[in-house]
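Everything numeric here is computed off the predicted structure, so don't read it as measured data. First the proteins, then the strands, lettered A, B, ... as listed; each starts at 1.
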Number of protein chains: 2
Amino acid sequence: MSWSGRGPDGRRGYHHGNLREALIEAALDLIAKKGAAGFTFADAARSAGVSSAAPYRHFRDRDALIADVARRGFNLLTERLEHAWSEGRPDPFTAFENVGRAYLAFARDEPAYYSAMFEAGLSFDGDPALRQAAERSFAVLRHASELLCARLPPEKRPPALMMSLHTWALSHGIASLFARGDGGRRRLPMAPEELLEAGMLIYLQGLGVIAEPAKPKE
Amino acid sequence: MSWSGRGPDGRRGYHHGNLREALIEAALDLIAKKGAAGFTFADAARSAGVSSAAPYRHFRDRDALIADVARRGFNLLTERLEHAWSEGRPDPFTAFENVGRAYLAFARDEPAYYSAMFEAGLSFDGDPALRQAAERSFAVLRHASELLCARLPPEKRPPALMMSLHTWALSHGIASLFARGDGGRRRLPMAPEELLEAGMLIYLQGLGVIAEPAKPKE
DNA sequence: GCTGCTATGTAAATACCATTTACATAGCAG
DNA sequence: CTGCTATGTAAATGGTATTTACATAGCAGC
């Protein structure tokens with residue numbers, strides 16, 4: 001008998017044993033291949049080797065599975081951003097730029113997560129866990145902004161929250177418009193990372209966070 | 001007989017008479033209500049009062065209809081941006097900011113178009129008409145950037161293309177993250193328009209396009 | 001070890017949707 | 001009036017989401 005033996009999918013028999021995880025992994029694969037819109041619950045079930053009704057034992061519906069992928073994506077993004085920030089080393093300015101680069105790198109390297117997080121049309125309102133995960137990603141950016149702002153004398157110190165929102169919006173805009181691998185977007189005269197770095201340099205100069213021009217050319 | 005009379009949908013009988021337009025209008029309604037992802041070809045056909053196969057006489061498939069809506073959306077956006085730019089009046093700087101505001105206003109006032117244009121996952125590669133329409137929208141921004149840059153002495157003149165890409169990315173990022181009515185996003189301490197205006201002011205200061213601080217507070 | 005509860009799967013049914021095909025009708029050119 | 005072409009319809013195919021009734025495995029307690 002094949003009971004207690006494992007099939008090619010890691011199945012143990014009638015019961016899968018780890019279907020929830022298997023579905024999430026299948027979702028990542030499928031979203032990476034066909035986009036969040038093209039992802040189907042039935043396909044995920046097929047990938048995991050179970051019937052099309054089995055996933056409903058673990059997720060309320062298709063959106064709940066995508067939301068869980070998105071939640072994990074935000075957790076992963078938080079890790080990546082924190083690692084890039086590296087507690088402000090070697091200096092807050094350099095670390096801040098590393099955070100921006102890490103955002104773009106995430107969008108490029110984890111298209112499945114990114115798609116689930118930002119392109120699946122999820123409502124954050126109905127899912128506190130998802131909202132919290134997203135908040136924590138943003139908190140990294142906000143924390144970094146605060147430390148960077150704190151270096152300035154109080155009278156010329158910009159609001160850190162606003163600064164973090166600008167940074168997030170610019171990073172997200174560049175990632176959405178130019179840094180996706182789907183080929184559906186515009187070709188650029190420069191790499192997205194360069195575009196973001198230049199934009200942030202100009203922005204930080206405008207804030208007075210840094211004094212030197214981006215390319216001292218004189 | 002009802003031949004040559006018109007039904008409640010404007011039908012004239014067996015033949016609709018203007019099905020293509022009716023489908024596009026139905027698509028706008030439905031996308032506004034349920035998002036680009038929730039929009040169905042069958043629903044559009046129902047709205048127009050025809051069978052579910054009729055739309056195929058006018059659009060290759062569902063995506064082709066959405067792409068046509070998106071194309072019209074870009075044309076509309078081009079108009080709005082051009083009107084906001086107003087040939088650089090009253091001055092290039094003010095006009096440039098008006099262009100940014102017009103972008104956000106478009107995202108807010110025309111969620112159906114915006115959704116079809118940026119959230120439907122369309123491939124621009126396979127549709128030259130769509131790509132061209134998008135290019136023309138961007139061209140307005142680029143043209144405005146060039147005029148604004150031209151005011152600066154050549155040695156401190158930034159690349160206008162880069163400047164327009166930054167502006168587009170920031171506007172799009174803010175619109176995507178904060179300025180959609182879907183309630184799925186973050187609540188802000190300020191209006192999206194203010195956030196964009198502040199961001200652009202800081203950016204333009206960083207470029208040296210303007211010298212004065214945003215809020216002369218001393 | 002057996003019993004029964006609960007978790008986890010399956011099969012089948014419902015109700016959509018996209019798309020295709022064969023057929024029907026309207027409009028129009030000659 | 002005739003026939004061609006454009007534009008509709010009905011029906012069929014195959015896919016998807018979701019629910020329901022049923023089946024089996026795992027496990028706790030006896």
Side-chain angles (χ1 to χ4, degrees), chain A residues 1-24 26-27 30-31 33-69 116 120-123, chain B residues 1-24 26-27 30-31 33-69 116 120-123:
Chain A
M1 301 297 168
S2 68
W3 296 146
S4 81
R6 286 176 184 262
D9 311 329
R11 291 200 60 167
R12 295 183 315 175
Y14 187 94
H15 283 151
H16 184 287
N18 202 14
L19 183 53
R20 190 182 175 90
E21 287 302 315
L23 287 171
I24 288 172
L30 294 168
I31 292 174
K33 283 178 195 157
K34 309 198 275 185
F39 163 75
T40 74
F41 223 26
D43 233 351
R46 256 190 300 278
S47 292
V50 295
S51 76
S52 64
Y56 290 88
R57 298 293 181 193
H58 299 275
F59 300 97
R60 188 171 37 73
D61 56 18
R62 174 181 171 281
D63 279 356
L65 171 52
I66 297 179
D68 208 66
V69 171
L122 297 178
S123 167
Chain B
M1 300 301 162
S2 68
W3 295 147
S4 80
R6 284 177 187 262
D9 310 331
R11 292 199 60 167
R12 296 182 315 176
Y14 188 95
H15 283 149
H16 185 288
N18 202 13
L19 183 54
R20 189 182 176 90
E21 287 302 316
L23 287 171
I24 287 172
L30 295 168
I31 293 174
K33 283 177 196 158
K34 309 197 275 185
F39 163 76
T40 74
F41 222 27
D43 233 351
R46 256 190 301 278
S47 292
V50 295
S51 75
S52 65
Y56 290 88
R57 297 294 180 193
H58 299 276
F59 299 97
R60 189 172 35 73
D61 56 18
R62 176 181 170 280
D63 279 356
L65 172 51
I66 297 180
D68 208 66
V69 171
L122 296 178
S123 168

> Does dA18(C) have a Watson-Crick or wobble partner in any strand here, with both distances under 3.5 angstrom, and which is it?
Replying inline: dT13(D)

>> Rounded to whole Å, please give me the gap between CZ in R57(B) and C1' in dA26(C).
In response: 13 Å

> Tell me, for nucleotides 10-16 of chain D in 5' to 3' order, what letter each nucleotide earns: B for a base near a protein heavy atom under 4.0 Å, S for only sugar-phosphate near one, - for neither?
Replying inline: B-----S

>> Return the CZ to CG distance between F59(A) and L19(A), rounded to the nearest 0.5 Å.
In response: 8.0 Å

> Just how far, in rounded Å, is C1' of dT20(C) from CG of D61(B)?
Replying inline: 13 Å

> Just by modelled atom types, is the H58(B) backbone N or O under 3.5 Å from a matching donor or acceptor in the R20(B) side chain?
Replying inline: yes

>> Quick check: closest heavy atoms across L30(A) and S47(A), and the distance to 0.1 Å?
In response: CD1-OG, 4.0 Å

>> Rounding to an integer number of Å, can you tell me how far R20(B) CZ sits from dA6(D) C1'?
In response: 14 Å

>> Which nucleotide, if any, forms a Watson-Crick or G-U wobble pair with dC22(D), using both distances under 3.5 Å?
In response: dG9(C)

> So do F39(B) and K33(B) actually touch side chain to side chain, heavy atoms under 4.5 Å?
Replying inline: no

>> With a 3.5 Å limit on both atom pairs, tell me what dG3(D) is paired to, counting Watson-Crick and G-U wobble, or say none.
In response: dC28(C)

> Any side-chain N or O of H58(A) less than 4.0 Å from the OP1 or OP2 oxygen of dA7(C)?
Replying inline: no

>> With heavy-atom distances below 4.5 Å as the criterion, would you say the side chains of L65(A) and P55(A) are in contact?
In response: no

> What's the closest nucleotide to the Y56(B) side chain, out of dT20(C), dA17(D), dT10(C)?
Replying inline: dT20(C)

> Between atom CZ in F59(B) and atom C1' in dA18(C), what is the gap in whole Å?
Replying inline: 16 Å

> Can you check the L23(B) CG to dT7(D) C1' distance for me, whole Å?
Replying inline: 12 Å

> CG of D68(A) to CD1 of I24(A): how many Å apart, nearest 0.5 Å?
Replying inline: 4.5 Å

